[in-house]
Enquirer: 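Have a look at the structure that comes next, please.
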Protein chains: 2
Amino acid sequence: MASTAQRTADLLRRRITQGALAPGTRLSEEALGEAMGVSRNTLREAFRLLAHDRLVAHEPNRGVFVRRLEVADITDIYAVRTTLESAGVRASATAPAGQLRAVAEAVEAGEAAADAADWGQVGTADLRFHQALGALSCSSRIDTYLAGLLAEQRLAFATMPSQRLFHEPFLRRNRTIADLLTAGRTTAAEDALHRYLEDACRTVLDALQLQLQLQEGP
Amino acid sequence: MASTAQRTADLLRRRITQGALAPGTRLSEEALGEAMGVSRNTLREAFRLLAHDRLVAHEPNRGVFVRRLEVADITDIYAVRTTLESAGVRASATAPAGQLRAVAEAVEAGEAAADAADWGQVGTADLRFHQALGALSCSSRIDTYLAGLLAEQRLAFATMPSQRLFHEPFLRRNRTIADLLTAGRTTAAEDALHRYLEDACRTVLDALQLQLQLQEGP
DNA sequence: GCCGAGGGATTGTTCAACAAAAGCTTAGCC
DNA sequence: GGCTAAGCTTTTGTTGAACAATCCCTCGGC
């Protein structure tokens, strides 16, 4: 069985990535510890794990807060994703067949979820698709990096006004990239991926800036 | 002032990367805590930080051990470094001048250390050079990743039989890459970097396998 | 209105204790 | 003799309490 700290971190991670704990929320050691039935020490261990994933920010002597993504974070995340996922696409020629199948499966999962109008699941499938792209590099460290980036990304997703408007346009583009990949047209796939990530980055940035304006207004 | 856990982790990190704590060494909570004058709780926090950098491996209910790099680790580290450092080289055209200067400075530091026959410093300068290459991407996350990879890499350096034989051949190649970069010949620089990392990877692997054989012998 | 002192709340760190797991020893059996 | 298994020992996992250090807010003085 996983350790208590691990389980506590997992639970908090889920709450954060699902938006139940909004960015900027302060996570009090005493209150949370009591609520979750763990000691302060254990909770602090869990915080360390989450801080490592950049889901919370630890400010010394002040506490830990649910991470609030800034413009620089978004652009950086997308820049790194571009680097890592592109590397995966370029490595697709030498990747085992199973990895390519995982890409296709993620696309199908997304389409199925869209048919069921389950936009939360569409988001999950989308992240799985990009994780699968990175996995084409067959590098456990790249897998880890990308998993962290995508978890962080969820911080942005969770605060999106409409999951549907955000995810729907990208379903078809995922399909396009996957098809280009299975057809062996890696260069075309890489180009499509670049454009995809650029557009997605802009969309997220727009939504973020809209949010910041709304916050400043009142 | 940094927290006690942070300082403890830094001290241990230095001991590990300098080879004072050999790979495979078990780090007992009680013994180490007493030796370093910190409580078990604080030490556990420090362990988390080090585990995050992959300098130690945490085996549940068994303890933490100084990481022992395997063949798969070495190849993975070099593969990821290739991806990240290449991305930096490709971005060199748009990088601020200061970043390019940092690359040149790292090369010069390495040459100066070689003149002084300080091979430990040569190793440090070498890592700084590669960190500077990655920094050309102007991405804080890539910087973080590379810093972790290079710290992990030191685990391999520390067990090298001869620092000099290992580092000396790469001094000139660092210079070559830096010169190609400042000349704006990024494609040539990227090619040189690829060959460099391939050769370095092979060298480290050879040394590692030699070590494994020596261990198994008796 | 600005500045500093004081108080309250929260985190940082330590200690002591017990539960839980892993590894070693020893006893018993075939 | 070698193997299995129970029991013991050691170490980690987790908790609770305690105190110091730090930050933040409030209150008072100027």
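Chain naming here is simple, since letters A, B, ... match the order of the sequence lines and numbering starts at 1 in each.
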Enquirer: So A:G37, base contact, sugar-phosphate only, or nothing? Heavy-atom distance under 4.0 Å.
Expert: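 Sugar-phosphate only.
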Enquirer: Using modelled atom types and a 3.5 Å cut-off, is there a donor and acceptor pairing between side-chain atoms of B:D206 and backbone atoms of B:T203?
Expert: no
Enquirer: Kindly say whether B:G63 contributes a backbone atom to a donor-acceptor pair with the side chain of B:E29 at under 3.5 angstrom?
Expert: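 Side chain of B:E29 to backbone of B:G63: no pair is present.
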Enquirer: To the nearest angstrom, how far is A:E34 atom CD from D:dT14 atom P?
Expert: 19 Å
Enquirer: Which comes earlier along DNA chain D counting from the 5' end, the contact point of A:N41 or that of A:P60, where each point is its nearest nucleotide?
Expert: A:N41
Enquirer: Confirm from the modelled atom types if A:R40 and C:dG12 form a donor-acceptor pair under 3.5 Å, side chain to base only.
Expert: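 Indeed, a donor on one side and an acceptor on the other fall under 3.5 Å apart.
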Enquirer: Rounded to whole angstrom units, what separation is found between the CG atom of B:L32 and the P atom of D:dT11?
Expert: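 These atoms are roughly 13 Å apart.
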Enquirer: Nearest to the side chain of B:T42 - C:dG12, D:dT15, C:dT13?
Expert: C:dT13
Enquirer: To the nearest Å, how far apart are B:E30 CD and D:dT11 P?
Expert: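 These atoms are roughly 7 Å apart.
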Enquirer: When you check the phosphate oxygens OP1 and OP2 of C:dG12, does a side-chain N or O of B:S3 lie under 4.0 Å from one of them?
Expert: no
Enquirer: Would you please confirm or rule out a distance under 4.0 Å between OP1 or OP2 of C:dT10 and any side-chain N or O of A:R62?
Expert: no
Enquirer: Among the candidates C:dC15, C:dA22, C:dT11, find the nucleotide nearest to the side-chain atoms of A:R26.
Expert: C:dT11
Enquirer: Whole angstrom is fine here: how far is it from CG in B:N61 over to P in C:dA20?
Expert: 12 Å
Enquirer: Checking B:T17 side chain against B:R14 main chain: does a donor-acceptor pair fall under 3.5 Å?
Expert: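 Looks like yes, one N/O pair under 3.5 Å.
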Enquirer: How close or far is atom C1' of D:dT12 from atom CZ of B:R44, stated in whole angstroms?
Expert: 6 Å
Enquirer: With A:Y196, which of A:Y78, A:F170, A:F129 fulfils ring pair (Phe, Tyr, Trp, His ring centres under 6.0 Å)?
Expert: A:F170
Enquirer: C:dA21 P sits how many Å from B:E59 CD, rounded?
Expert: 17 Å
Enquirer: Any side-chain N or O of A:H58 under 4.0 Å from OP1/OP2 of C:dT10?
Expert: no
Enquirer: Establish, from distance only, whether the side-chain atoms of A:T144 and A:R141 form a donor-acceptor pair under 3.5 Å.
Expert: no
Enquirer: Please determine, for the side chain of A:S28, which listed nucleotide (C:dG12, D:dT15, C:dT11) has the closest atom?
Expert: C:dT11
Enquirer: Just how far, in rounded Å, is P of C:dT13 from CD of B:E29?
Expert: 17 Å
Enquirer: To the nearest Å, give me how far apart CZ (A:F47) and P (C:dT10) are.
Expert: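 For the pair A:F47 CZ and C:dT10 P, the rounded distance is 13 Å.
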